[in-house]
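Data block below; observations after.
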Amino acid sequence: MLSNSISIARRYTFSVLILLLLITFIPFLGETFFNTKGEPREAIVAVDMIQSGNWILPLSNGTDLPYKPPMLAWCIAILSFLNGFVVTELISRLPSALAMIAMGLVVYQYTRRSTGQTATAFFTVLVLATMFEVHRAATNCRVDMLLTSFMVIAIYRMNLCPKVSKRFIDLPSILLLSGAVLTKGPVGMVIPCAITWIVMLVRHQKAVRATLSMVVTGILSLVIPALWYYAAYKQGGTEFLDLMIEENFGRMTGSMSYESHVNPWWYNIVTIIAGMLPYTLLLLPAPFLIKYSSINRSKISVWWRQLSDIDQVMIISALFIFLFYCIPASKRSVYLLPMYPMLAYGIVKYIHKLYNRPAILKSFAGFIASLPFILLIALIYIKISGPFGSKSTLLATQGLADASFTFKGVITILISMAAAVITWIYIVKYDAVHSIRSAIITLLTVFWSYSAFYQPAILNPKSDRSIVADLVSIYAGRTIPPCWIEPNSMMRMYTVNYYLRNRLERTDNPEGNTGQMLVYLSDFPKLVEMYGNEYSFFIARKFEKPSCDSKSNIVIASYFKKGLQNDVDNNICNE
């Protein structure tokens with residue numbers, strides 16, 4: 001009878017977890033417009049894939065080779081059948097959300113099996129889902145969450161599944177690593193294999209067998225990606241080969257032809273602190289709870305031997321990933337995403353240690369339970385007093401001031417406030433265990449209201465979608481002029497091109513006697529410098545909102561050959 005009860009409880013817990021993850025990551029994906037260059041840069045590859053029918057080496061922005069392998073674009077293009085093969089914000093972000101859900105369920109299953117504790121597994125996933133960096137990556141059209149999911153699932157399978165750890169090679173693990181390589185290159189295979197090799201040595205497996213096992217696993221995981229690399233090389237030639245070498249090896253060795261996210265070593269510490277928010281606040285008392293005088297080498301050795309298998313795997317994985325990404329000069333917060341499942345597990349273990357310090361847990365729970373009310377009070381204040389600030393702050397507060405209360409927004413705000421009230425009741429009347437668990441659930445509902453209402457209100461005004469609407473109106477029934485970008489610049493008009501459905505052409509120089517082109521205001525002086533001897537240029541229309549891609553305003557530049565009467569119709573730009 002007891003075993004049946006436990007089985008039923010676990011079954012329902014898993015079902016509840018699936019429901020919570022689905023609600024958290026799926027319904028609100030399309031509420032926020034593209035507002036940075038990163039998302040449309042990925043989505044447009046899938047758009048070109050559908051339009052051109054080229055599933056091997058589609059182009060980015062009509063002319064550029066994509067920087068990354070096509071796994072994300074394949075997923076977006078395949079999922080677009082749900083919307084008549086039209087790529088929307090929701091469709092383009094869906095692979096990341098589904099990858100997060102899949103990873104969360106795998107983390108739950110392996111944590112539960114390894115610890116025998118359903119609650120620990122359940123709240124590990126909820127903590128993971130409510131870390132700021134993870135939630136952002138799971139709701140963005142970027143390769144990072146897809147890569148993380150492949151890598152983390154492979155790490156958990158190879159190191160926490162007893163049957164797999166005894167095998168020389170494991171086919172599902174190889175396929176997972178192949179997926180990671182096809183998402184962002186060989187790094188997706190190197191990190192899981194290196195971690196597993198270290199774990200095998202720590203578990204006192206023979207060094208020769210461990211090394212051969214991981215070498216063979218790594219080589220086999222490259223077979224399927226090699227087929228794509230060969231096919232892509234046949235299409236892209238040396239240009240494709242040079243790009244792949246630079247992105248995969250030049251980034252690690254610091255020999256890239258351009259600087260890409262170059263940051264000092266301590267940048268990774270700062271991004272982890274920020275990425276774990278709000279749980280970073282819960283960790284603040286930790287340094288004061290350690291008895292430093294009792295720490296010595298022998299006690300550390302005893303402590304390590306007493307750790308469970310999952311504890312050791314989590315520590316080894318987190319440390320290796322962090323140290324690995326300290327090596328290259330190129331550093332970004334999303335590179336460390338594979339660490340976060342291990343950090344979430346560590347936070348839940350840390351919370352268990354704080355059960356005998358209820359004041360700390362209840363203080364943190366009180367902070368979380370205050371968030372829905374703080375957000376609502378701030379919203380009411382902005383709506384009453386009006387927008388304030390400059391540039392991006394002004395756009396954000398203007399968006400909040402003008403935001404309409406949609407059904408999704410109202411429901412999620414009310415749910416988060418109800419959850420907060422329940423948490424306050426637990427804080428006042430019950431113990432710290434109930435309080436912190438209720439607070440984590442409340443935080444999940446805060447993310448619902450954030451995704452459904454606050455984030456769209458803040459970020460949508462920054463999007464170039466409004467510029468595209470103006471362009472379509474200005475050039476109704478006529479061809480929108482091409483864009484000009486300063487030579488050798490990595491910048492493109494990604495967001496404008498996405499909302500124009502990949503119809504924005506690029507031009508390297510003025511053509512004909514008269515014409516127009518779209519130019520970033522920051523590039524306009526360079527345009528005049530390069531072609532001013534032959535053409536006269538003037539700005540016929542300036543869009544007041546800076547582009548979300550470059551932070552520079554987009555202008556319509558008219559030109560005519562010197563010595564000729566300017567007969568281009570410029571008035572249309574001022575209507």
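In this text the structure is predicted, and so the values were computed from the model without any measurement.
Looking at T280, its side chain does come within 3.5 Å of a backbone N or O of I273 through a donor-acceptor pair. Without hydrogens or angle criteria, D431 side chain to H434 main chain gives a donor-acceptor distance under 3.5 Å. With K408 contributing its side chain and P27 its backbone, the two residues share a donor-acceptor pair below 3.5 Å. For S416 (side chain) and I413 (main-chain N/O), a donor-acceptor pair under 3.5 Å exists by modelled atom type. Side-chain atoms of T397 come within 3.5 Å of backbone atoms of L394 as a donor-acceptor pair (strictly under, hydrogens ignored). At least one donor-acceptor pair closer than 3.5 Å links the side chain of T412 to the backbone N or O of G409. A donor-acceptor pair under 3.5 Å is absent between the side-chain atoms of S438 and the main chain of S435, judged by distance alone. For E39 (side chain) and C141 (main-chain N/O), a donor-acceptor pair under 3.5 Å exists by modelled atom type. D309 contributes no side-chain N or O that, together with a main-chain N or O of S114, makes up a donor-acceptor pair within less than 3.5 Å. In terms of modelled atom types and a separation under 3.5 Å, the side chain of N83 and the main chain of I91 share no donor-acceptor contact.
For the atom pair CG (L354) and CG (L361), the distance works out to 5.0 Å, reported to the nearest 0.5 Å. To the nearest 0.5 angstrom, L82 atom CG is 9.5 Å from L90 atom CG. Taken from CD in Q398 to CZ in F388, the straight-line distance is 11.5 Å, to the nearest 0.5 Å. The NZ atom of K349 lies 8.0 Å from the CG atom of L307; values are rounded to the nearest 0.5 Å. How far OH of Y454 is from CH2 of W448: 15.5 Å, rounded to the nearest 0.5 Å. Distance CD/E89 to OG/S463: 7.5 Å, rounded to 0.5 Å.
Heavy atoms only, all atoms of each residue included: R437 and A119 are closest at NH2-CB, 3.6 Å. When every heavy atom of L201 is checked against every heavy atom of A207, the shortest pair comes out as CD2-CA, 3.7 Å. For the pair A318 and M342, the tightest heavy-atom approach, listed with the atom from each and the gap, is CB-CB, 4.0 Å. When every heavy atom of A432 is checked against every heavy atom of K362, the shortest pair comes out as N-CE, 3.9 Å. Of all heavy-atom pairs spanning Y156 and M314, the tightest one is OH-SD, 3.4 Å. Across all non-hydrogen atoms, the minimal contact from A457 to P461 is O-CD, 3.3 Å.
Applying side chain to side chain donor-acceptor pair (under 3.5 Å) to Q455 and the options N35, T32, T139, N460 leaves one that passes, T32. Tested against I155 for a side chain to side chain contact (heavy atoms under 4.5 Å, CB included), the candidates P338, P341, S173, S317 yield a single pass: S317.
A heavy-atom distance below 4.5 Å is not found between the side chains of F34 and N140. Within the 4.5 Å cutoff, side-chain heavy atoms of L94 are placed close to those of I26. Using a 4.5 Å heavy-atom cutoff, the side chains of I316 and N159 are not in contact. A heavy-atom distance below 4.5 Å is found between the side chains of L126 and F123. Between F364 and L284, every side-chain heavy-atom pair lies at or beyond the 4.5 Å cut-off. Taking the side chain as every heavy atom from C-beta outward, K331 and V270 never approach each other to under 4.5 Å. Side-chain atoms of Y340 and M276, non-hydrogen and from C-beta on, do get closer than 4.5 Å to each other. Side-chain atoms of F33 and L459, non-hydrogen and from C-beta on, never get closer than 4.5 Å to each other.
More than 12 non-hydrogen atoms from other residues, nucleotides or ligands lie less than 6.0 angstrom from CZ of F320. With a 6.0 Å radius and a threshold of 12 heavy atoms from other residues, nucleotides or ligands, K206 has its NZ atom at or below the threshold. In Y430, the OH atom is not crowded: 12 or fewer heavy atoms of neighbouring residues, nucleotides or ligands sit closer than 6.0 Å. The environment of CH2 in W304 is crowded: more than 12 heavy-atom neighbours from other residues, nucleotides or ligands sit within 6.0 Å. More than 12 heavy-atom neighbours from other residues, nucleotides or ligands sit within 6.0 angstrom of CH2 on W424. The number of heavy-atom neighbours closer than 6.0 Å to OH of Y381, taken from other residues, nucleotides and ligands shown, is 12 or below. Residue F407 qualifies as open at atom CZ: its count of foreign heavy atoms under 6.0 Å is 12 or below.
Y345 and D311 share a donor-acceptor pair across their side chains, judged by distance under 3.5 Å alone. A donor and an acceptor atom, one from each side chain of Y279 and T130, are located under 3.5 Å apart.
In this structure, F447 and Y450 have perpendicular ring planes: the angle between them is above 60°, well past the 30° mark.
Centroid-to-centroid, the aromatic rings of F405 and F453 come within less than 6.0 Å.
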**Study point:** CA sep, side-chain torsions, deciding dist, call: I422, I441, side chain to side chain contact (heavy atoms under 4.5 Å, CB included)
**Key:** CA-CA 10 Å; I422 293 172; I441 298 293; over 6 Å; no

Point to revise | F25 and H135: CA distance, side-chain angles, deciding distance, side chain to side chain contact (heavy atoms under 4.5 Å, CB included) verdict | key: CA-CA 8 Å; F25 294 110; H135 189 276; 3.7 Å; yes

Practice item. Check the pair L128, M103 against side chain to side chain contact (heavy atoms under 4.5 Å, CB included), reporting the backbone distance first and the verdict last. Key: CA-CA 10 Å; L128 175 64; M103 180 177 70; 4.1 Å; yes

Exercise for review: Mind running side-chain hydrogen bond (donor to acceptor under 3.5 Å, both in side chains) on T423 and T442 for me, showing each step along the way?
Suggested key: CA-CA 7 Å; T423 299; T442 298; 2.7 Å; yes

**Study point:** Working for side chain to side chain contact (heavy atoms under 4.5 Å, CB included), residues N263 and T271
**Key:** CA-CA 11 Å; N263 289 293; T271 57; over 6 Å; no

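Residues that satisfy the side-chain hydrogen bond (donor to acceptor under 3.5 Å, both in side chains) test with T445, not counting sequence neighbours, are absent from this structure.
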